[in-house]
Amino acid sequence: VETLLLHQLEEVLPAELAPPIEAARREVMATGQSVLERSIALTAAEPGQGERHLLASAHPVLDDAGRPGSVSLVLQDVTDRVRAERMREL
């Protein structure tokens, strides 16, 4: 984890994933408010696998003065749930 702290998101995340995660991080830093369950769709890395669906949440980590000093990010893969919901709709 310590080595990841020295890198930009674009350096450690897939190219498609970095922009929406960076946008959520910036929003949290600017507002001090959490971003909850932002939907992200990505092309799967394996050919023929279709899209992957993630929910991204970002939460402020406050410094000693009570201001956002960094951001905690959580990604949840919800691809199976999204596919099941789409199948029910057919």
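- Within a 6.0 Å sphere centred on CZ of Arg26, other residues, nucleotides and ligands contribute 12 heavy atoms or fewer.
- Once rounded to the nearest 0.5 Å, the distance linking CD1 of Ile21 with CG of Leu75 reads 4.5 Å.
- In summary, Arg38 and Glu27 engage in a salt bridge, as defined by a charged side-chain N under 4.0 Å from a carboxylate O.
- Applying the side chain to side chain donor-acceptor pair (under 3.5 Å) criterion to Arg81, with sequence neighbours excluded, gives no partner residue.
- Contacts of Ser34 classified as side chain to side chain donor-acceptor pair (under 3.5 Å), with partners at least two apart in sequence or in another chain: His59.
- The side chain to side chain donor-acceptor pair (under 3.5 Å) test applied to Gln33 returns no partner, not counting sequence neighbours.
- Val82 and Leu42 end up in different hydrophobic clusters when Ile, Leu, Val, Met, Phe, Trp and Tyr side chains are linked at under 4.5 Å.
- Residues Leu54 and Val71 share a single hydrophobic cluster, defined by chaining ILVMFWY side chains whose heavy atoms lie under 4.5 Å apart.
- Under the 4.0 Å criterion applied to side-chain N and carboxylate O atoms, Arg25 and Glu22 are assigned as salt-bridge partners.
- Note that the OG1 atom of Thr43 and the CZ atom of Arg52 stand 11.5 Å from one another [nearest 0.5 Å].
- Between Pro68 and Gly32 the shortest heavy-atom distance is CG-CA, 3.6 Å.
- Rounded to the nearest 0.5 Å, atoms CD (Gln76) and CG (Leu55) are 5.5 Å apart.
- Cluster annotation: Leu73 and Met29 are assigned to the same hydrophobic cluster (Ile/Leu/Val/Met/Phe/Trp/Tyr, side-chain heavy-atom contacts under 4.5 Å, transitive).
- Linking Ile, Leu, Val, Met, Phe, Trp and Tyr residues whenever their side-chain heavy atoms come within less than 4.5 Å leaves Val78 and Leu13 in two separate clusters.
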